[in-house]
Amino acid sequence: MTPEKKKKTRGGNMTCVLEGSRSIKGRAVGKAVHALARIGDELWLDRTSTGLALRSVNCTQSAYACFLFPPMFFKQYGPGSQQGREPATCQLVMKHVLPLFRSSSYVQGNVVRCEISMSPSFDRLRIKFFCRHGVTKTYSLRYQESEALQAVFHPHLCANVLKAPARLLADMVKHFPMSQEEVTLSITPLKVHMRSYLE
């Protein structure tokens, strides 16, 4: 698998509005950011006609993950203006994004609505959390214009496919320490083994 960076374009307008953490959708975006933080140190945000894609790749380019949220997932989705019809792509430092979705107000369900917006005339990604009691928290994150990140691989060359309920995989992984950097997965016709090694 080789991550490919597509042709670089000037970032377009973007406005995405979704319900807050008290809804399943609000929590899904937060969980996606946390999952991607385990893979890479940078977050790619791509607004296209098919939806908003959150992507990350590790430093050795051996692991890649993408969460695609379709337009119907959002309460409002699209360019900020009629001129911004081209895809909007930006690259963010993960450690700047992660605390926003880890804050106590977000976890406790105080956020009623979240708005993510970007404009070429403003070189920052703006994330607004509309909380209960009329409190609004606005974060402006500096981003880097970037090519869209997309993994290039041929599915027919992938001989092995592992499918399992997410809860089962989570139960398997939770027995390993959070600091564990590597887990070996061995598959036989009858068993699946997950092993770790510490010197």
Side-chain angles (χ1 to χ4, degrees), residues 1 3 14 16-48 50-71 73-75 77 88-118 124-132 137-144 146 148-151 162-183 185 194 196:
M1 188 239 3
M14 172 176 67
C16 302
V17 178
L18 56 106
E19 296 300 324
S21 61
R22 285 185 288 179
S23 73
I24 295 175
K25 292 182 179 180
R27 293 179 190 212
V29 173
K31 287 182 178 181
V33 172
H34 281 269
L36 292 172
R38 293 175 178 261
I39 293 190
D41 296 329
E42 294 177 327
L43 175 69
W44 275 264
L45 205 71
D46 302 326
R47 196 262 313 149
T48 64
T50 58
L52 181 67
L54 305 179
R55 298 183 169 106
S56 188
V57 64
N58 67 349
C59 58
T60 60
Q61 296 190 350
S62 61
Y64 164 87
C66 172
F67 290 89
L68 179 64
F69 298 98
F73 180 83
F74 298 92
K75 190 172 186 179
Y77 180 83
T89 301
C90 65
Q91 181 180 350
L92 301 159
V93 178
M94 186 68 79
K95 68 179 180 180
H96 295 161
V97 181
L98 196 58
L100 306 186
F101 295 94
R102 188 184 282 160
S103 67
S104 59
S105 63
Y106 195 85
V107 173
Q108 292 172 4
N110 292 329
V111 177
V112 177
R113 186 164 55 101
C114 175
E115 180 180 303
I116 303 170
S117 60
M118 182 176 71
R124 290 175 184 263
L125 179 79
R126 185 173 289 159
I127 300 177
K128 280 187 177 182
F129 294 112
F130 297 88
C131 306
R132 290 186 292 179
K137 297 180 181 181
T138 304
Y139 300 91
S140 294
L141 304 177
R142 186 175 295 278
Y143 67 85
Q144 178 181 350
S146 175
L149 181 71
Q150 184 65 47
L162 176 64
K163 292 183 181 179
R167 186 179 300 272
L168 174 63
L169 294 175
D171 287 343
M172 291 169 64
V173 174
K174 75 179 181 182
H175 295 288
F176 296 98
M178 293 293 289
S179 59
Q180 185 74 41
E181 294 185 5
E182 185 176 305
V183 174
L185 186 69
M194 293 184 77
S196 63

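One is the number of the first residue; the rest follow in order along the sequence. Given the structure is predicted, the values throughout are model-derived calculations rather than measurements.
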Verify side chain to side chain contact (heavy atoms under 4.5 Å, CB included) between L45 and M14, making sure each step is shown before the conclusion.
CA-CA 10 Å; L45 205 71; M14 172 176 67; 3.8 Å; yes

Compare every heavy atom of M118 with every heavy atom of L125, then report the nearest pair and how far apart it is.
CD1-CB, 3.8 Å

Minimal heavy-atom distance between G30 and F101, with the atoms involved, is CA-CD2, 3.8 Å

From I39 atom CD1 to M94 atom CE, the distance as rounded to the nearest 0.5 Å
8.5 Å

Check against side chain to side chain contact (heavy atoms under 4.5 Å, CB included), H34 and L98:
CA-CA 7 Å; H34 281 269; L98 196 58; 3.7 Å; yes

Sidechain-backbone polar pair: D46 side chain, A53 backbone, donor-acceptor under 3.5 Å
no

What's the shortest heavy-atom distance between C114 and I127, and which atoms?
SG-CG2, 4.1 Å

Out of curiosity, I116 CD1 to R126 CZ, how far, rounded to the nearest 0.5 Å?
13.5 Å

Is there side-chain contact between R55 and L36, with at least one heavy-atom pair below 4.5 Å?
no

Find the distance between OH (Y143) and OG1 (T89) and round it off to the nearest 0.5 Å.
10.0 Å

May I have the step-by-step check of side chain to side chain contact (heavy atoms under 4.5 Å, CB included) for K75 and L18, ending in yes or no?
CA-CA 5 Å; K75 190 172 186 179; L18 56 106; 5.8 Å; no

Are the side chains of V183 and V173 in touch, meaning some heavy atoms are under 4.5 Å apart?
no

Count the heavy atoms of every other residue, nucleotide or ligand shown that sit under 6.0 Å from CZ of R124, and state whether that count exceeds 12.
yes

On a heavy-atom basis, the closest approach of G51 and L68 is C-CD1, 3.8 Å

Distance from L43 atom CG to C90 atom SG, nearest 0.5 Å?
7.5 Å

Of all heavy-atom pairs between V17 and F74, which one has the smallest distance, and what is that distance?
O-CB, 3.4 Å

Can you measure from CD (E42) to NZ (K95) and round to the nearest 0.5 angstrom?
11.0 Å

Side chain to side chain contact (heavy atoms under 4.5 Å, CB included) assessment of Q180 paired with H175:
CA-CA 10 Å; Q180 185 74 41; H175 295 288; over 6 Å; no

Just to verify, what does F69 make a ring pair (Phe, Tyr, Trp, His ring centres under 6.0 Å) with, not counting sequence neighbours?
F73

On a heavy-atom basis, which atom in Y139 and which in L100 lie closest, and how many Å separate them?
CD2-CD2, 3.4 Å

Measuring from K128:NZ to T138:OG1, what's the distance to the nearest 0.5 Å?
5.0 Å

